[in-house]
Amino acid sequence: MRTLTEDQVEVGLALPGLSIELTPTVVVSTALATMDFTPVHHDVEGARAQGSKDIFLNILTTMGLVQRYVTDWTGPEAVVKRIDLKLGVPAYAGDRLSFDGTIVAHDSGAFTAEVRGKVSLGDHATGKVVFTLPTA
């Protein structure tokens with residue numbers, strides 16, 4: 001597996017898309033993996049009792065998927081420095097989460113990517129990921 005270097009990335013570059021099927025297994029297993037036992041992430045009836053239409057991704061999973069989106073593209077030697085994320089609509093089981101992004105800044109060796117994760121209801125997560133890459 002290769003890692004991009006600083007000279008291979010420039011402002012305006014679009015990141016390749018990533019699409020993830022949000023099966024009930026994905027939603028439940030990622031909640032459990034992050035030790036989030038809140039019923040809205042694994043119990044359909046519990047989620048509906050709280051006004052939700054189904055179980056949905058937890059925040060830690062969303063953060064992890066945003067980081068994965070960027071680092072799958074950059075490679076394993078990239079260092080994520082910061083993630084600033086705004087949550088939008090829920091990402092329900094049975095939906096598809098699709099990511100896109102663009103490099104919007106390069107300052108003092110750090111790149112900033114604007115990223116968006118959307119589902120059928122609209123934007124699930126929008127924000128910025130700041131990361132560094134090795135030099136050539």
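As the structure is a prediction and not an experimental result, all values here were calculated from the model.
Between A91 and V119 the shortest heavy-atom distance is CB-CG1, 3.9 Å. Of all non-hydrogen atoms in K53 and R48, the two that sit nearest each other are O-NE, 3.2 Å. Between S19 and S98, the shortest heavy-atom distance links the atoms OG-OG, 3.4 Å.
A donor-acceptor pair is defined here as one N or O able to donate and one able to accept, closer than 3.5 Å; no such pair exists between the side chain of T38 and the backbone of V40.
Residues V129 and V80 have side chains in contact (heavy-atom distance under 4.5 Å, counting atoms from C-beta outward).
With sequence neighbours excluded, the residues satisfying side-chain contact (heavy atoms from CB on, under 4.5 Å) with P134 are T3, E77. In this view, A78 and T74, L133 satisfy the side-chain contact (heavy atoms from CB on, under 4.5 Å) rule, not counting sequence neighbours. Applying the ring-ring contact (aromatic ring centres under 6.0 Å, His included) criterion to H41, with sequence neighbours excluded, gives F56. Taking T61 as the reference, T30, T34, L57, N58, L65 meet the side-chain contact (heavy atoms from CB on, under 4.5 Å) condition, with sequence neighbours excluded. Take A136 and apply the side-chain contact (heavy atoms from CB on, under 4.5 Å) test, not counting sequence neighbours, and it matches T5, D7.
The stretch residues 117-136 participates, sequence neighbours left out, in these side-chain hydrogen bond (donor to acceptor under 3.5 Å, both in side chains) pairs: T62-H124, D95-S120. For the salt bridge (charged side-chain N to carboxylate O under 4.0 Å, His left out) condition, no pair includes a residue of residues 25-42, sequence neighbours left out. Pairs passing the ring pair (Phe, Tyr, Trp, His ring centres under 6.0 Å) check and including a residue from residues 3-34, sequence neighbours excluded, do not occur. Counting only residues at least two apart or in different chains, ring pair (Phe, Tyr, Trp, His ring centres under 6.0 Å) contacts with residues 72-104 comprise Y69-F99. Pairs passing the side-chain hydrogen bond (donor to acceptor under 3.5 Å, both in side chains) check and including a residue from residues 80-90, sequence neighbours excluded, read R82-D84.
Taken from CD in Q67 to CD1 in I83, the straight-line distance is 4.5 Å, to the nearest 0.5 Å. The distance from the CD atom of E45 to the CD atom of Q50 is 12.5 Å, given to the nearest 0.5 Å.
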Return a table of donor-acceptor pairs under 3.5 angstrom between the side chains of residues 10-18 and protein atoms on other chains or two or more places apart.
none

Donor-acceptor pairs under 3.5 angstrom involving side-chain atoms of residues 100-116: please list them, not counting sequence neighbours.
| unit_1 | atom_1 | unit_2 | atom_2 | d |
| --- | --- | --- | --- | --- |
| D100 | OD2 | R116 | NE | 3.3 |
| D100 | OD2 | R116 | NH2 | 2.8 |
| H106 | NE2 | E6 | OE1 | 3.2 |

